[in-house]
K.L.:
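Okay, handing you the structure first.
When a ligand or atom number is given, it counts from 1 through the structure's own listing order. Residues: numbered from 1 along the sequence shown. Bear in mind that the values here come from a model prediction, so they are computed numbers and not experimental data.
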Amino acid sequence: MRKTQLKAENTIEIVHQDIPEIGENEVLIRSIACGICGSDLHAYNFSAGYEFVAKNVTLGHEVSGEIVKIGAKVPNELMYRQVVAQSMNYCSKCEACENGHFSLCTNNRVLGLHFDGGLAEYFKIDAKYVELLPEGIDVEIALLAEPLTIAVHAINRLQIDLKGKTVLVQGPGIIGFFVSILCVSKGANTYLSGLPHDYEKRLSKAESWGVKSHVVGETDMEEKVDVIFECSGSSNALLMNTKVLKKNGKIMLVALYEHPTEVFFTPVVRNEWSIIPSYGSDPNEYKEALQFIQKHQEELKALPTYYDLENITQAFTDSLNKQVMKAIIKIGSVEENNNEYFNTTISAN
Ligand SMILES: [Zn+2]
Ligand SMILES: [Zn+2]
């Protein structure tokens, strides 16, 4: 099979290797489509904080495909099902997992960073980390469930009814975009902010979903907001808009930061603003994400730019240069697998 490997800084190669053997609790997935995410870009250019990434790893943790082989202890009904992989492989045993905070698992291993992921014709994963696709969902777009769960998690962490509330989402990357369209779907009056150069490729795309654009430096916000979702990852932007935050408002921190930042906490105290961080997502949030995708899949299909596996380097370059909102690599066909080897091998081990 063909698989990609991160061979060196900014260097991905396509290599030929045997299809991986699976263990008794694992499934083999034929990749159909795989998205490229910000953390893939950090791994690709060997950013600080990504030293944990496995050597020669096959990247790809936003991946949908079809189960083509199952381990001896995996239920037969999973065979040939279309699935999306859960990226965070939690342990279920640590204190965080026992309390249901799976994204905070002490032993968390991320697909496509700690071990080989979906940018290959086939990859394997423990059966407990697959999410079955609902009927009628487009498998090539279903992988967006993975980044969408980050937005679902942030809104769940907020723990307020957004209906009738006004929110400002900072940062029009894919996570900020998803947070903003989810807020609209929950009845919030929603602004998405970005810089002037973000308008054409990013902010304007959210407008058709009912999101209002706020171009930083060009216009002032007209109304005060109940919640700010910080999705920009820019230390400067972090508390830039607090003058529009109502008293007792909430600041959700969803982005990760490359640099330390200084915060003057007196206004935070005087206004009783809550600062609530949100990290990753929990397994039970995939269902909501998939339902949202199913409902809006025609509009969502227009968002990504699609590449073949051969053009993987171009996809990374375009993503790094912010030329695309989301790069998706099409790897396998959507039709059922006709490979004789798999049709005669119902289960393994
Ligand atoms: Zn990601
Ligand atoms: Zn755990």
K.L.:
Between Leu320 and Asn45, is the side chain to side chain contact (heavy atoms under 4.5 Å, CB included) condition met? List the steps.
P.N.:
CA-CA 9 Å; Leu320 278 169; Asn45 60 20; 3.6 Å; yes

K.L.:
Strictly under 2.8 Å of the Zn ion (ligand 1): which protein N/O/S atoms qualify?
P.N.:
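Metal shell, protein only: Cys37 SG, His61 NE2.
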
K.L.:
Given Lys287 and Glu131, is the salt bridge (charged side-chain N to carboxylate O under 4.0 Å, His left out) satisfied, shown in steps?
P.N.:
CA-CA 8 Å; Lys287 294 251 178 328; Glu131 196 66 39; 2.5 Å; yes

K.L.:
Please check if any side-chain donor atom of Glu230 sits under 3.5 Å from a side-chain acceptor atom of Tyr257, or the reverse.
P.N.:
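A donor-acceptor contact under 3.5 Å links the two side chains.
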
K.L.:
Between Ser87 and Leu111, is there a donor-acceptor pair closer than 3.5 Å when you use the side chain of the first and the backbone of the second?
P.N.:
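Flag not set: sc Ser87 to bb Leu111 has no pair under 3.5 Å.
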
K.L.:
Is the count of non-hydrogen atoms from other residues, nucleotides or ligands lying under 6.0 Å from Asp18 atom CG greater than 12?
P.N.:
no

K.L.:
Describe, in one word, how the ring planes of Trp209 and Phe177 are oriented to each other, choosing from parallel (under 30°), tilted (30 to 60°) and perpendicular (over 60°).
P.N.:
perpendicular

K.L.:
Side-chain heavy atoms nearer than 4.5 Å, only ILVMFWY residues, links allowed to pass through others: does that put Leu59 and Val324 together?
P.N.:
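Hydrophobic grouping puts Leu59 with Val324.
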
K.L.:
For the Zn ion (ligand 2), which protein N/O/S atoms fall under 2.8 Å? Skip waters.
P.N.:
Cys91 SG, Cys94 SG, Cys97 SG, Cys105 SG

K.L.:
For Phe115, does the CZ atom have more than 12 heavy-atom neighbours from other residues, nucleotides or ligands under 6.0 Å away?
P.N.:
yes

K.L.:
Hey, is Lys212 close enough to Glu222 for a salt bridge, meaning N to O under 4.0 Å?
P.N.:
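No, this pair does not count.
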
